[in-house]
**Student:** 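Before anything else, here's the structure in question.
Quick note: numbers below take in every heavy atom, side chains included, and nothing from hydrogens, waters or symmetry partners. Keep in mind it's a predicted model, so treat the numbers as computed, not measured. Starting from 1, each residue takes its place in the sequence as its number. Remember, it's 1-based here, ligands and their atoms both numbered in the order they're listed.
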Amino acid sequence: MSKITTSIYRPTPANLRRLAAALRRGELVAVPTETVYGLAANALDARACRRIFAAKRRPTHDPLIVHVLDLRQAAALAEISPAAEKLARRFWPGPLTLVLPRRSTVPDIVTAGRDSVAIRSPVHLLARRLLRLTGLPLAAPSANPFGYVSPTTAAHVRDGLVGRIRHILDGGPCRVGVESTIVDMRDPARPKILRPGAISREAISRCLHRAVRLQETGRPAGNARGELAPGMLEQHYSPRTPLVVVGKLTASVIHAAPENSGFIYFEKPSDIRLTGQEFWLSRGGDAREAARNLYAVLRRADQGRFARLWVEAPPGALGPLAGAINDRLRRASAGR
Ligand code: AMP
Ligand code: MG
């Protein structure tokens, strides 16, 4: 197989036109969004979407999220109930994905054969520029090899997919840093959060004037009938180094850890002597900053040749992003 050359593009108008043309031809383009970098393809082109699975080595039972400009474009792909429309009007563009009854316009490969499709409208200006220039809905999962830590910079994308994709659009680091909140709206009377993200369950509940359930974690991943969210519960977002999540990195935890351990604090510690084994998600204990740094820190720590990484879970009281970080850490450490 001839080696593919991977290029990183600055977001100039000429490059954006070039990348939009590549997407229209059925090629893949890694695109910055406010959550993480996505690996985009024309969502209406089954062959192009199949290339996403091949590049990521993603199993085809794990469906893709389709990115759209607005509700109108979403309505061509899915049935929008009044409740779903309410959420879209309140939170789009932004990090909220709606799982909705699909229309036949959506290829099976995108939905993994399900009768529902996941859709969101990103707020990131460059993602929107490509949506506008192509005029297409863009299927885009995270732009990383399946199961590994998600990418929040163009360099992260290159590290994981070099030689496997041609085009990476560089939009700098992602502002939110963790994946979108996914809410299952197949049955508008029974909304359910499938994945926690920056948009909180409370905010969704307030918008809909009804209780919103949270998908239970710790159970096995989606079954063949697709009742649970696929790709949600198995090990995911994982560094290669075994990861242990602890409530607090106390002196006794650190003492008991094997010598060749790396320690990831939630907040930069001020009272210890740094030895090069320490990392932190935030300077001042801020969950938004921690979410923004999460994947870059996991990647750096993963390169430290540690035998084991110990990471502090942020206090849940710090809001939706603390919940999202805890969810990702739990899955990054699952099966270890
Ligand atoms: P990502 O890898 O961030 O693109 O996330 C895609 C995830 O969205 C999948 O792993 C599923 O958990 C979820 N998802 C996508 N489509 C559907 C669907 N039709 N029904 C339920 N969950 C979905
Ligand atoms: Mg992913």
**Student:** Can we say D45 and R25 salt-bridge, meaning some charged N sits less than 4.0 Å from an Asp/Glu carboxylate O?
**Tutor:**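 Looking at D45 and R25, the cut-off is not met.
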
**Student:** Got a sec, which pairs hit ring pair (Phe, Tyr, Trp, His ring centres under 6.0 Å) with one end in residues 160-198, sequence neighbours left out?
**Tutor:**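 Sorted result for residues 160-198: Y9-H167.
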
**Student:** Restricting to side chain to side chain contact (heavy atoms under 4.5 Å, CB included), what partner residues turn up for A290, sequence neighbours left out?
**Tutor:**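 With sequence neighbours excluded, A290 shows a side chain to side chain contact (heavy atoms under 4.5 Å, CB included) to F266, L281, S282, I325, given in chain and number order.
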
**Student:** Please determine if R72 and D70 form a salt bridge, counting it only when a charged side-chain N lies under 4.0 Å from a carboxylate O.
**Tutor:**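 Salt bridge flag = no for D70 with R72.
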
**Student:** Residue-level breakdown please: for R195 versus ligand 1, do any non-hydrogen atoms fall below 4.0 Å on the side chain, on the backbone, on both, or on neither?
**Tutor:**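 Side chain only; the backbone of R195 stays clear of ligand 1.
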
**Student:** With a 4.0 Å heavy-atom cut-off (strictly under), which part of R58 contacts ligand 1: side chain, backbone, both or neither?
**Tutor:**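 Contact part for R58 vs ligand 1: side chain (C-beta onward).
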
**Student:** How does T111 reach ligand 1, if at all, at less than 4.0 Å between non-hydrogen atoms: by side chain, backbone, both, or neither?
**Tutor:**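 Within the 4.0 Å criterion, T111 makes no contact with ligand 1.
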
**Student:** Which ligand 1 atoms, with their elements, are less than 4.0 angstrom from a heavy-atom of S116?
**Tutor:**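 Counting atoms of ligand 1 from 1, those under 4.0 Å from S116 are 18 (C), 19 (N), 20 (N).
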
**Student:** Ion pair present between D302 and R299, side-chain N to carboxylate O less than 4.0 angstrom?
**Tutor:**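 No.
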
**Student:** Any salt bridge between R206 and E202, counting N to O under 4.0 Å?
**Tutor:**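 Looking at R206 and E202, the cut-off is not met.
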
**Student:** Any N or O of R114 that comes nearer than 3.5 Å to an N or O of ligand 1?
**Tutor:**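 Between R114 and ligand 1 (N or O atoms, distance only) the closest approach is not under 3.5 Å.
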
**Student:** Evaluate whether atom CZ of R24 has more than 12 neighbouring non-hydrogen atoms of other residues, nucleotides or ligands under 6.0 angstrom away.
**Tutor:**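 Check passes, neighbour count above 12.
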
**Student:** Strictly under 2.8 Å, how many protein N, O or S atoms lie near the Mg ion (ligand 2)? Waters don't count.
**Tutor:**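 N, O or S atoms of the protein closer than 2.8 Å: 1.
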
**Student:** Run the side chain to side chain contact (heavy atoms under 4.5 Å, CB included) test against P188 and tell me which residues pass, sequence neighbours left out.
**Tutor:**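 Side chain to side chain contact (heavy atoms under 4.5 Å, CB included) list for P188, sorted by chain: S81, A83.
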
